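Shown next, in structure tokens, is the structure this report addresses.
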2 protein chains.
Amino acid sequence: MLKQASPLALVELDADAPCCAPLAQRRVPAEAAAVLAPAFKALGDPVRLRLLSMIASAEGGEACVCDLTPAFELTGPTISHHLKALREAGLVDAERRGTWVYYRARPAVLRQLAALLTVESTPAS
Amino acid sequence: MLKQASPLALVELDADAPCCAPLAQRRVPAEAAAVLAPAFKALGDPVRLRLLSMIASAEGGEACVCDLTPAFELTGPTISHHLKALREAGLVDAERRGTWVYYRARPAVLRQLAALLTVESTPAS
DNA sequence: TCTCTGGTTAGACAGACATCAAGACAGCCG
DNA sequence: CGGCTGTCTTGATGTCTGTCTAACCAGAGA
């Protein structure tokens, strides 16, 4: 089950068009917040943040689980659990090739989240 | 107790200097992840995301609790709880002026988080 | 087919979290 | 001073999360 039927969470995160104006420009509507919050929640764990970084910064843009797991003092199932969370948040994609499973970041989604947090050059603190 | 003694969570988030290179450029070290994750976790709730947006996008860059609370179907204490979470994550500051308490976003921290998620223009999908 | 390795799923458990009701505190105004 | 309004804190409760062990599935090779 590597091609999870992406749960409602990323309905709009998939779209190429930016789903929302920057947080500080106009109020994020409730519906958008419901869509975006799960993505941030997925980033809200140190292990997942590191996993995503390892995946996104890896050579070729993808990383094998076999390379990710040994970097943590956690069991395999726990890492798998965190990867699943990243997957369901729409932040990464997984693909099995032969024996190994490779994870790949989804830059478009990351860009959307970054755009949401963007603040126009310091107005006047 | 409005000037909470910012808990370890934002040790580096306060610094003006960017604490980390973009997530996709180099691996986020464990220590940095431990500092950054709580900020994302704070954003990982629809109510807090909306609260932060309302604060950051408000006229004058600040919002009164009395304006925030009625926008949700939640009790006062619950909103207060979420605001405290945003405060402890270093995302907002609170200040009491007379009867009302005003919250203000911290653009520098938001910018750091945005920078972390930034992805260089699609290299080659 | 049997077996080994890599990865996920299932079940369990401790700790953390969201929410509310009730109480406490701070500042205004009569 | 005394009551009122606005906000925060505390305590209780049900749910969610992170982690583990054990069991299961998928390919690769013998």
Side-chain angles (χ1 to χ4, degrees), chain A residues 1-5 7 9 30 33-34 37-52 54-55 62-89 91-104, chain B residues 1-5 7-9 30 33-34 37-52 54-55 62-89 92-104:
Chain A
M1 226 62 56
L2 288 175
K3 35 179 86 295
Q4 73 292 346
F40 285 116
K41 177 184 279 190
L43 295 175
D45 181 283
V47 173
R48 288 196 290 266
L49 202 50
R50 290 172 62 195
L51 279 171
L52 179 60
M54 292 174 72
I55 294 168
E62 65 180 12
C64 169
V65 176
C66 58
D67 291 329
L68 300 174
T69 305
F72 300 84
E73 306 219 332
L74 293 170
T75 63
T78 298
I79 297 299
S80 185
H81 161 75
H82 284 303
L83 288 172
K84 182 179 182 183
L86 288 173
R87 239 160 47 214
E88 294 186 338
L91 295 170
V92 302
D93 273 330
E95 181 191 1
R96 168 163 230 141
R97 287 207 299 278
T99 305
W100 292 281
V101 177
Y102 293 87
Y103 279 78
R104 179 177 291 275
Chain B
M1 222 65 58
L2 288 177
K3 35 179 86 297
Q4 72 293 344
L8 29 80
F40 285 116
K41 177 183 278 191
L43 294 176
D45 181 284
V47 173
R48 287 196 291 265
L49 202 51
R50 290 173 61 197
L51 280 171
L52 179 60
M54 292 174 72
I55 294 168
E62 65 180 12
C64 167
V65 175
C66 58
D67 292 329
L68 300 173
T69 304
F72 300 84
E73 304 220 333
L74 293 171
T75 63
T78 297
I79 297 297
S80 183
H81 160 76
H82 283 302
L83 288 171
K84 182 179 182 182
L86 288 173
R87 240 158 49 212
E88 293 185 340
V92 302
D93 272 331
E95 181 192 359
R96 169 161 229 141
R97 286 207 299 278
T99 304
W100 290 283
V101 177
Y102 293 87
Y103 280 79
R104 179 177 291 273

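Here the structure is a predicted model, which means the values were calculated and not measured. Naming convention: chains lettered A, B, ... in sequence-line order (proteins, then strands); numbering from 1 in each chain.
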Check your understanding: What's the verdict on side chain to side chain contact (heavy atoms under 4.5 Å, CB included) for A/Tyr103 and A/Asp93, showing C-alpha distance, side-chain angles and the deciding distance?
Key -> CA-CA 6 Å; A/Tyr103 279 78; A/Asp93 273 330; over 6 Å; no

Review point. Would you say A/Leu83 and A/Val92 make side-chain contact, with heavy atoms under 4.5 Å?
Key: no

Point to revise | Under the side-chain hydrogen bond (donor to acceptor under 3.5 Å, both in side chains) test, residues paired with A/His81 that sit two or more places apart | key: none

Revision key, fill the gap. Here the gap from B/Leu68 atom CG to B/Leu74 atom CG, rounded to the nearest 0.5 Å, amounts to 12.0 Å

Point to revise | Nearest-angstrom distance from the residue atom CD of B/Glu88 to P of D/dC8 | key: 13 Å

Check your understanding: Quick one: A/Leu86 CG to C/dT8 P, roughly how many Å, whole number?
Key -> 12 Å

Review point. Through what angle, rounded to 10 degrees, does the axis of the helix from C/dT1-D/dA30 to C/dG30-D/dC1 turn between its ends, using five pairs per end?
Key: 10°

Review point. Rounded to whole angstroms, how far apart are OH on B/Tyr102 and C1' on C/dG27?
Key: 13 Å

Check your understanding: Separation of A/Arg97 atom CZ from C/dG6 atom C1', in whole Å?
Key -> 15 Å

Check your understanding: Taking OP1 and OP2 of D/dG27, is either one under 4.0 Å from a side-chain nitrogen or oxygen of A/Trp100?
Key -> no

Revision key, fill the gap. note: B/Glu95, atom CD; C/dA26, atom P; distance rounded to Å ~ 17 Å

Exercise for review: Report the distance from atom CD1 of B/Ile55 to atom CG of B/Leu86, rounding to the nearest 0.5 Å.
Suggested key: 6.0 Å

Check your understanding: Is there a side-chain polar atom (N or O) of A/Tyr103 under 4.0 Å from OP1 or OP2 of C/dT8?
Key -> yes

If you restrict it to nitrogen or oxygen atoms, what contacts under 3.5 Å exist between nucleotides 19-25 of chain D and the protein, and what is each distance?
residue : atom : partner : partner atom : Å
D/dT19  : OP2  : A/His82 : NE2          : 2.3
D/dC20  : OP2  : A/Thr75 : N            : 3.1
D/dC20  : OP2  : A/Thr75 : OG1          : 3.1
D/dC20  : OP2  : A/Thr78 : OG1          : 2.7

Check your understanding: Quick one: A/Leu83 CG to D/dT17 P, roughly how many Å, whole number?
Key -> 17 Å

Review point. Given C/dA16, is OP1 or OP2 found less than 4.0 Å from the side-chain N or O atoms of B/Lys41?
Key: no

Study note, to complete from the structure: For A/Cys64, the side chain to side chain contact (heavy atoms under 4.5 Å, CB included) test, sequence neighbours excluded, returns A/Cys66, A/Asp67, A/Trp100, A/Tyr102

Exercise for review: Can you tell me the distance, in whole Å, between the CD1 atom of B/Ile79 and the P atom of D/dG6?
Suggested key: 16 Å

Revision key, fill the gap. Side chain to side chain donor-acceptor pair (under 3.5 Å) pairs touching residues 37-51 of chain A, sequence neighbours excluded, are A/Arg48-A/His82

Revision key, fill the gap. Taken to the nearest whole Å, CG/B/Leu51 to P/D/dC8 is 11 Å

Study note, to complete from the structure: Applying side-chain hydrogen bond (donor to acceptor under 3.5 Å, both in side chains) to B/Thr78 and not counting sequence neighbours gives B/Thr75

Review point. Looking for any heavy atom pair under 4.0 Å, which part of the strands does B/Ser80 touch: base, sugar-phosphate only, or nothing?
Key: base

Study note, to complete from the structure: To the nearest 0.5 Å, atom CG of B/Leu43 lies from atom CG of B/Leu51 at 11.5 Å

Exercise for review: Tell me what B/Arg48 touches on the nucleic acid: a base, only sugar-phosphate, or nothing, going by heavy atoms under 4.0 Å.
Suggested key: sugar-phosphate

